[in-house]
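Everything quoted here is computed from the prediction, not taken from an experiment. Along the sequence shown, residues are numbered consecutively beginning with 1. As a basis for the values below, the full set of heavy atoms in this structure was taken, side chains included, without hydrogen atoms, waters or symmetry mates.
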Amino acid sequence: MNELTFEERTLLCLYNSAGTRTGLIDALTDMRGYLGPDEDELRDLTDSALAKLGRMTDSDYAALDLTPDIDPEDAAYGG
């Protein structure tokens, strides 16, 4: 399997509410349908992530760490 880039992993973290590989594929596919013509970079990123998810097994997916990589000191919550 091709390794996920940081950007792909972040995208997966954001859309992984279902907690399953197929649920994540569905969520990303749904989100992709709302992208406008000026969102080429996000479309390309989504397509790349979907292709990698399609090639991985459920076991590969289960082994992924989809915990967001956020530094609390860098996060600005409320000002």
Side-chain angles (χ1 to χ4, degrees):
M1 175 188 84
N2 294 333
E3 277 203 37
L4 295 166
T5 66
F6 176 80
E7 291 81 7
E8 290 167 339
R9 187 175 298 276
T10 301
L11 186 66
L12 299 187
C13 290
L14 291 170
Y15 285 89
N16 191 37
S17 62
T20 65
R21 186 179 67 86
T22 55
L24 181 53
I25 289 171
D26 290 344
L28 288 174
T29 300
D30 185 54
M31 175 274 291
R32 191 187 184 288
Y34 290 99
L35 295 177
D38 60 333
E39 297 177 291
D40 292 334
E41 287 183 45
L42 183 53
R43 183 176 294 103
D44 291 345
L45 179 64
T46 303
D47 289 346
S48 176
L50 282 168
K52 290 177 183 180
L53 283 169
R55 288 191 298 267
M56 72 174 61
T57 66
D58 288 337
S59 296
D60 293 333
Y61 170 81
L64 290 176
D65 177 10
L66 294 180
T67 306
D69 187 16
I70 298 172
D71 184 344
E73 293 193 20
D74 290 339
Y77 295 105

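Residues passing the side-chain hydrogen bond (donor to acceptor under 3.5 Å, both in side chains) test with Thr57, sequence neighbours excluded: Asp60. Residues meeting the side-chain hydrogen bond (donor to acceptor under 3.5 Å, both in side chains) test with Tyr61, sequence neighbours left out: Asn16.
Side-chain contact between Leu42 and Leu11 is present, with heavy atoms from C-beta onward closer than 4.5 Å.
Remark: Leu64 CG to Ser59 OG distance equals 11.0 Å, nearest 0.5 Å. Once rounded to the nearest 0.5 Å, the distance linking CG of Leu50 with CG of Leu24 reads 8.0 Å. Distance CG/Leu66 to CG/Leu4: 8.0 Å, rounded to 0.5 Å. With rounding to the nearest 0.5 Å, the separation of CG in Leu53 from CD1 in Ile25 is 5.0 Å.
Applying the salt bridge (charged side-chain N to carboxylate O under 4.0 Å, His left out) rule to pairs touching residues 7-17 yields Glu8-Lys52, sequence neighbours excluded. Evaluation of the side-chain hydrogen bond (donor to acceptor under 3.5 Å, both in side chains) test over residues 34-43, restricted to residues two or more places apart or in two chains, returns Asp40-Arg43. Sorted by first then second residue, the salt bridge (charged side-chain N to carboxylate O under 4.0 Å, His left out) pairs that include residues 13-37, not counting sequence neighbours, are Arg21-Asp58, Arg32-Asp47.
Counting all heavy atoms, side chain and backbone alike, Ala18 lies closest to Gly23 at CB-CA, 3.8 Å.
Thr10 contributes a side-chain N or O that, together with a main-chain N or O of Phe6, makes up a donor-acceptor pair within less than 3.5 Å.
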